[in-house]
**Student:** 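My questions all concern the structure below.
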There are 2 protein chains.
Amino acid sequence: MVTAPTTNADSLRADSARVRARMLTAARARMIDGDLELPMNAIAKAAGVGVGTVYRHFPSRQALLESLAAQSLQSLVGAAVSAAANPDVAAGLASLLGAALQRQLTDPALAEVLAATDAACLETLDLSRELGRAIGTLLDRARAAAVIRPDLTADDIRRLMSGVQHAVRIGSPTDADRYLEILLSGLRP
Amino acid sequence: MVTAPTTNADSLRADSARVRARMLTAARARMIDGDLELPMNAIAKAAGVGVGTVYRHFPSRQALLESLAAQSLQSLVGAAVSAAANPDVAAGLASLLGAALQRQLTDPALAEVLAATDAACLETLDLSRELGRAIGTLLDRARAAAVIRPDLTADDIRRLMSGVQHAVRIGSPTDADRYLEILLSGLRP
DNA sequence: ACCTGAACACCGTTCAAGT
DNA sequence: ACCTGAACACCGTTCAAGT
């Protein structure tokens, strides 16, 4: 039995996890305050750690962003899987787009991650692919039912949703539903 | 006759205009190189002037951005006025949206100015209003001809075009026409 | 192993000193 | 009048030194 090293590693891991959580909390607080820049030095100070520690956990701004968005992304994947399983294909599509828009508006980190071309963390890459698959399934069914243009890909949907999010962001949240209707109507064949 | 002071002021103005042009050229060069940050210090160095001079001419990043976008914006206003005068309303709308998208993709400064809520320079405000009026006229005619949803405003169009631009930017320019079709189709009643 | 924080490069912005 | 550029504050990023 090797309990001592394990305990040691566990306590290290526990401490590391606590520090990590403090940094993420600090970063989130800044984002909520409207600062989307995520300055590493400022986050380190707010979390009470050295800058190097922030860099150890998050090698880049993108990595930090993805960690911030992980929960939202996970939740969006769930919504997409549900939507793809909806017997009413049109309703599934509408609910997916609604979920994607709402979550992006609530979590700016998610909006940035969905707009990014590629991922910094493997976890994000996995979730991203899972999202792509769910959307793909939904699109296949929608195409077969002739409720969408035949040329749409999962990437098109991701980008167009990012576009609608952008349009709502520079306008007012009250426009969200109308802009979503416009997109949904435009997707029909 | 007071020729001397006039001459003096003229030469000052001429010099000032030359310096201003050098700064705009330097800023544009950076933008073309893919740097959308417009760092004031770097622009000053590239233009061979002191930082203070950049600030004298452009009190803020936004002001510099608007000066960079002025020509594109002017040209877009022209396209909008033409489009509003097109006897074929649907064709006018399509040509306006096409012009707006193309110019935004060509000139990132224009894209940012159109996405901004308000203007830093009076000239931009004027052009912006003129653009709004032209779009408004076009929308009125389109509504009367029942070729668009009745609830669309000029601001909606500006934001949705900004959204499509965003979607194309995070994707590929080859998607521009398809995304434009989707928007146009979504705008119909 | 993990963390700290000084150090360097760079950018935003101001303003006293020059012409 | 207009311009210069030093100066200060701040942020990104690295890495030698600590525990």
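Chain letters run A, B, ... following the sequence lines, proteins first and then strands; every chain starts at 1.
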**Student:** Is the closest side-chain donor-acceptor distance between A/S185 and B/R188 under 3.5 Å?
**Tutor:** no
**Student:** Is A/Y179 reachable from A/I170 through a run of I, L, V, M, F, W or Y residues, each pair having side-chain heavy atoms under 4.5 Å apart?
**Tutor:** no
**Student:** Of the options A/I157, A/N86, A/V89, A/V81, which is the one that meets A/L138 in a side chain to side chain contact (heavy atoms under 4.5 Å, CB included)?
**Tutor:**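 The option that passes is A/V89.
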**Student:** Got a salt bridge between B/E66 and B/R61, using NZ or NE/NH1/NH2 to carboxylate O under 4.0 Å?
**Tutor:** no
**Student:** Taking Watson-Crick and G-U wobble pairs with both distances under 3.5 Å, convert DNA chain C into its dot-bracket string, 5' to 3', dots for unpaired and | for cross-strand pairs.
**Tutor:** ||.|||||...|||||.||
**Student:** Would you say that A/I43 contacts A/V51 through its side chain, given a criterion of any heavy-atom pair below 4.5 Å between the two side chains?
**Tutor:**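 Side chain of A/I43 against side chain of A/V51, heavy atoms only: no contact under 4.5 Å found.
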**Student:** Between A/R143 and A/I148 (side chain of the first, backbone of the second, donor and acceptor by atom type, cut-off under 3.5 Å), is there such a pair?
**Tutor:** no
**Student:** For A/K45 and C/dG5, what is the distance between atoms NZ and P respectively, to the nearest whole Å?
**Tutor:**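 One finds 11 Å between P of C/dG5 and NZ of A/K45, rounded.
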**Student:** Whole Å only: how far is the CZ atom of B/R20 from the C1' atom of D/dC3?
**Tutor:** 17 Å
**Student:** How close or far is atom C1' of D/dC3 from atom CZ of B/R56, stated in whole angstroms?
**Tutor:** 7 Å
**Student:** Go through the steps for A/E37 and A/R30 under the test salt bridge (charged side-chain N to carboxylate O under 4.0 Å, His left out), then give the verdict.
**Tutor:** CA-CA 9 Å; A/E37 305 260 306; A/R30 281 210 149 233; over 6 Å; no
**Student:** Compare all side-chain heavy atoms of B/L110 with those of B/Q71 and state whether any distance is below 4.5 angstrom.
**Tutor:**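 They are not in side-chain contact.
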**Student:** Would you give a per-nucleotide map of nucleotides 7-19 of chain D, 5' to 3', where B means the base has a protein non-hydrogen atom under 4.0 Å away, S means only the sugar-phosphate does, and - means neither?
**Tutor:** ----SBBBB----
